[in-house]
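Here is how names work: the chains are called A, B, and so on, in the same order as the sequence lines, proteins then strands, and each is numbered from 1.
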Protein chains: 2
Amino acid sequence: MPAIYPAYADLGGRVGPDKARGRRLRLDDVVTLRQLDSVLDGHPNPVLGVPFFDAATGSLGQGASVGAGLALAARLDGTARRVYVIIGDGESREGQVWEAVDFIADNKLTNCTLIFNSNAQGQSDYVSAQQSADALTAKLAAYGLEPVVIDGHDIDQIDRALNRDGNGRPVAVVARTVKGWGSSELQNGNWHGKPLPQKDVQGALRDLDLKLTEGGLPDPTTIKWLPPKPVGKAKSSAGPIRLGDPDFQKLLGEHPLPAVRKMLDGFRKGKLATRRVYGLALAELGRLSDRVVALDGDVKNSTFAEWFAEMFPERYFECRIAEQNMVSAAAGLAAAGKIPFVSTFGKFLARATDQIEMAIISDANVKLCGSHSGTTLGADGPSQMSLPDVAYFRSYGQRNVPLGTKTTQGHQKVRPADAACPVLVPADAVATWKLVELMANHTGPCYMRTLRPDTPLLYKPTEKFALGGHKVVRRGKHLVIAANGYMVFEALKAAEALAKNKIEATVVDCYCLPLNAAPVLRLAARCGKLILTVEDNYNGGLGSELAEAAAAEGKSSARVRVASLAVRRVPKSGSTPDEMLAMCGIDAAAIARQGRKLVGRK
Amino acid sequence: MPAIYPAYADLGGRVGPDKARGRRLRLDDVVTLRQLDSVLDGHPNPVLGVPFFDAATGSLGQGASVGAGLALAARLDGTARRVYVIIGDGESREGQVWEAVDFIADNKLTNCTLIFNSNAQGQSDYVSAQQSADALTAKLAAYGLEPVVIDGHDIDQIDRALNRDGNGRPVAVVARTVKGWGSSELQNGNWHGKPLPQKDVQGALRDLDLKLTEGGLPDPTTIKWLPPKPVGKAKSSAGPIRLGDPDFQKLLGEHPLPAVRKMLDGFRKGKLATRRVYGLALAELGRLSDRVVALDGDVKNSTFAEWFAEMFPERYFECRIAEQNMVSAAAGLAAAGKIPFVSTFGKFLARATDQIEMAIISDANVKLCGSHSGTTLGADGPSQMSLPDVAYFRSYGQRNVPLGTKTTQGHQKVRPADAACPVLVPADAVATWKLVELMANHTGPCYMRTLRPDTPLLYKPTEKFALGGHKVVRRGKHLVIAANGYMVFEALKAAEALAKNKIEATVVDCYCLPLNAAPVLRLAARCGKLILTVEDNYNGGLGSELAEAAAAEGKSSARVRVASLAVRRVPKSGSTPDEMLAMCGIDAAAIARQGRKLVGRK
């Protein structure tokens, strides 16, 4: 996007929510990229005012299908419109891309040209040889398209390829390119999503000017394909796996991996991201039990499954950008007695919703971790945020009860220990550590949300966590604020603000859904009979859980009022978690405002 | 399954929830297939006591991935276990199958053998030539596997193929077969999921005995591949599309398609399945506006999109078994100004959850229809039932608001007209007709659930329906029963039963989520301050919607009690809707029981 937006501005492209309020994009708009009040989101979206794109982008593997739809419409309309779709080689691992290729071949959509950008690099590593330029070319031919391989930096070759006649077959271009092409600095190493340091910018610009007169691709033999996987063996060990109480100082300071030891400085400031603790706990589980295996979809450097991958390469399975296969493969590993931990961005797990449902129907012993959950992800925009996940997973009731055992009556609430797929939303490092241990020892599917930003330490290392449990983290008599994950800290900030208005709030961390609601309602009965729930996800999570319990209460005199704050609009990019939470009306200020209203002191 | 279960019994296979309660499967168990108290579900599930299968089956395209997981585990365990996965040729359109093939190639899983059953027939039609035996063979070779094409009815060829050494490459078998092989009756026509009439059974058995001595495949040139698609043109027409009030007598009786006219007899009994009305209304929309296009995933004969396909072939796009591509292609068609209606089983739309989310983020004008929703589907089991869908779609709040327009505060409820993706759950034919019209004229994504079984007519043809609306279908002063879809009729039956206990129930059809809850709460305030919600889906739908509204109510004296019935366990197969609803505790008897309890008359 940082390349496309300025080019669009240069070409006189217009932006705006509709024609009446449209205007030309200016070059100086580009520096507002990803900011809250910018038209330029982290990933472009026509609704937000970038009509150049026909559909919101950012979730991989969907473009070829959208392009096919546009091409079908062009044919129906009898227009000569041609559709071009650029697809990453790593992205082409998504099965949907090949569904689209079948569809384009079926419909002979010669007005739709797919362009595979083959730079051989993914986010966390080189792509698989299954996605090399040669492999892509062979596949496209087998699918009945007309593949054309070009030097993707050569304007003449691009021009010829885009004008090529496929003799009735849709043309697909495999463009060999180099990531960071033209800059000697950027051509080395992985610069995925990272800007060049200011000091190197002038040099890079000089390099690029030079390239305009040169061209040409480097030798493809320089591509460092991944070495073959070590074929390891792991014996199954039975019994519980005990991580023990965490001493993060020691865990980080004495860790075998230098990358983990480097985190110690940051940790001394008293903060640690839950996703990092997930990675730390997962690696420790791997050390304690060889039943533990891990799978990730080319984001192991973001979910921090990479530490497990480095320490136990024979038990780590890199699934690339193909989440459906990843979840079902984990179900297979579980069926064979392993304890598979599956991680990717929570949003990308949504790619495998049906596979997750089938695993839940099977009561497969899979552990799902969705990182970068919620709006606190910030600048990348809604295509990367996991927001309907909590409602989705909470909807499941009790496990499929085997025949011959007592079945639950429909109207009874489900006991958390019997839940078909408990949802775990840890707020801090200790909670994450303890809940990862709980996941490993719970038999059956479960789902954990981890966060991108660092969060402060909240709990003592000896704190205990259980399915359906909650923690009272602050006491006050006027109302209960119930939250989980990142929102526990916003709730605590709001409680501080409310204290200045002489409103004393109890703050409860509801780290697990389903929740044993009764004790929370009893607590609220002594706190003004008021609960305000706060969650960084769409509707249908914690707020619904407590509202359902309160509304079902028999004695109207005992009934507690439940007001809820959640993400109630499809968000856009913003620079910081604070900005995101404010946009969605769930930041500390909004919580405090709502708290004052509830207690009747506006 | 009707073939595998008896073979398993013959081989002495065991069934049961665990070893202690296991027993041998008997041949006479087989006649209990799909019954409520049978261990043999419509699709097998290890949790239900069929340990022969390592994971629940029934949702297509996941087996190869599960097999890959099992093969990885076997390698880790150092065992010589080999894994065989049978995949349908129609099924091989699912992108996940090709994600799995990449994964198997990456990991050199020579202990995992994929067997593609190539009979060239899908559920609704012949498969695409993209899934022919030749095409599959070319693809498998391009993916780096060792393909072997065999006559799938020749035992020697099967034996040789399964023992073949791929020289380091995993072997994949393409087995050419004939659907209904061996029976002259079954070899003609499409017998997908249909039993042979009793009168033809003896003849078929004789044919099969004969075949044992014969063998051999018919001439492949007899396969009737689909004719090329007519290339049509459609001019965009603006403005609303009015279906008008339905006269089903006339609509059916005078319909151009004989298949529709044949429904008239059934309709005279006063019942019509909502999925049939969806098909009827869709075809009528197609007649009225050439902006309307339709997409379906090889189940058009179940969703009844087939009538549109027959009448407007140039505007119908058969997407085969590839739901992700289908949803994104619809987003592309919408971006080009078409009004795409996308249909498949609700459960299979879950395959495209992330694609749906991206369409919602784009505010794409796509119309989603999930048929066979809820447990009333019955015998096919949970792998075909759409149950988390309502919680999922309800979770979305307001649309992504373009810059420069007023944003909603987080704590405000979303107005139904501003909802990012309204959920429509019609109970009868009239409601379906009117709500399909509403979908066509609403700009933005929306989702409709249709039902497999017939439901009685409930509304007059002149009845009006609106986003967020509800209908009072029976009045009584003691409590409100709120329901939607099939459950409206169960609620009415329960109200009849309650009337015998002198309990008068108001029944409200809440056909749209989000719902304007305030009038329902006001109604309940005059009906014993009691609401009982009933829904045929997992938790998080109507019950949550009304509980949230009730629990948020400020004055405790005005607060209404909300109790909810929903599907609170992962179900299994049962023979009839009644059995299914009873198992899940949401049938009329359970509703009446709960109603009596709520008004204090147990």
Side-chain angles (χ1 to χ4, degrees), chain A residues 17 47 54-56 62 65-66 68-70 73 76 78 95-96 98-100 102 130 138-139 142 233-234 322 324-325 328-329 331-333 335-336 350-351 353-354 361-363 382 388 391-392 395 397-398 400 402 409-411 538-540 544 547-548 550-551 562 568-570 584-586, chain B residues 17 47 54-56 62 65-66 68-70 73 76 78 95-96 98-100 102 130 138-139 142 233-234 322 324-325 328-329 331-333 335-336 350-351 353-354 361-363 382 388 391-392 395 397-398 400 402 409-410 538-540 544 547-548 550-551 562 565 568-570 584-586:
Chain A
V47 176
D54 290 293
Q62 305 188 17
S65 302
V66 172
L70 289 163
L76 278 179
Q96 184 182 358
W98 302 97
E99 294 180 0
D102 267 345
Q130 292 290 116
K139 288 177 182 178
K233 285 193 187 173
Q324 304 186 86
N325 173 68
S328 299
L333 284 157
R351 202 54 167 262
T353 301
D354 193 36
I361 289 174
S362 310
D363 202 26
Y392 173 78
S395 74
Q398 181 176 309
N400 192 327
Q409 288 300 312
H411 58 273
Y538 287 143
N539 195 30
S544 305
E548 288 162 18
V562 181
R568 298 225 207 273
R569 55 159 284 172
V570 178
C584 298
I586 52 171
Chain B
V47 176
D54 291 293
Q62 305 187 16
S65 302
V66 172
L70 287 164
L76 277 179
Q96 184 182 357
W98 302 97
E99 294 180 0
D102 267 345
Q130 293 289 117
K139 288 176 181 179
K233 285 193 187 175
Q324 303 185 84
N325 174 68
S328 299
L333 283 156
R351 202 56 167 258
T353 302
D354 193 39
I361 289 173
S362 308
D363 202 26
Y392 173 78
S395 75
Q398 181 176 310
N400 193 329
Q409 287 302 310
Y538 288 142
N539 193 32
S544 305
E548 288 162 19
V562 181
L565 294 177
R568 297 223 209 274
R569 54 159 285 171
V570 177
C584 298
I586 53 172

Heavy-atom closest pair, residues B:Ser395 and A:Ala391: CB-CB, 3.5 Å

Testing the basics here: between B:Thr353 and A:Ala350, what is the closest heavy-atom pair and its distance to 0.1 Å? CB-O, 3.6 Å

Drop me the distance from B:Ser65's OG to A:Gln324's CD, to the nearest 0.5 angstrom. 8.0 Å

For the student: nearest non-hydrogen atoms of B:Leu333 and A:Gly69, plus distance: CD2-O, 3.3 Å

Taking all non-hydrogen atoms of both residues, which atom of B:Pro388 and which atom of A:Tyr392 are closest, and how far apart? CB-CE1, 3.6 Å

As an exercise: rank B:Gly540, B:Ala550, B:Ala73 by heavy-atom pairs under 4.5 Å with chain A and give me the winner. B:Ala73

Checking side-chain polar atoms at under 3.5 Å, does A:Glu99 have a donor or acceptor matched by the opposite partner on B:Asn325? no

Nearest atoms (heavy-atom pairs only) where B:Val570 meets A:Ile361: CG1-CG1, 4.0 Å

Are B:Asp102 and A:Lys139 close enough that some pair of their side-chain heavy atoms sits under 4.5 Å apart? yes

Close side-chain approach of B:Glu548 to A:Val562, heavy-atom, < 4.5 Å: no

For the candidates A:Ser328, A:Gly397, A:Ala138, A:Gly95, which exhibits the highest count of non-hydrogen atom pairs separated by less than 4.5 Å from chain B? A:Ser328

For the pair B:Ser362 (side chain) and A:Ala56 (backbone), establish whether a donor and an acceptor sit closer than 3.5 Å, ignoring hydrogens and angles. yes

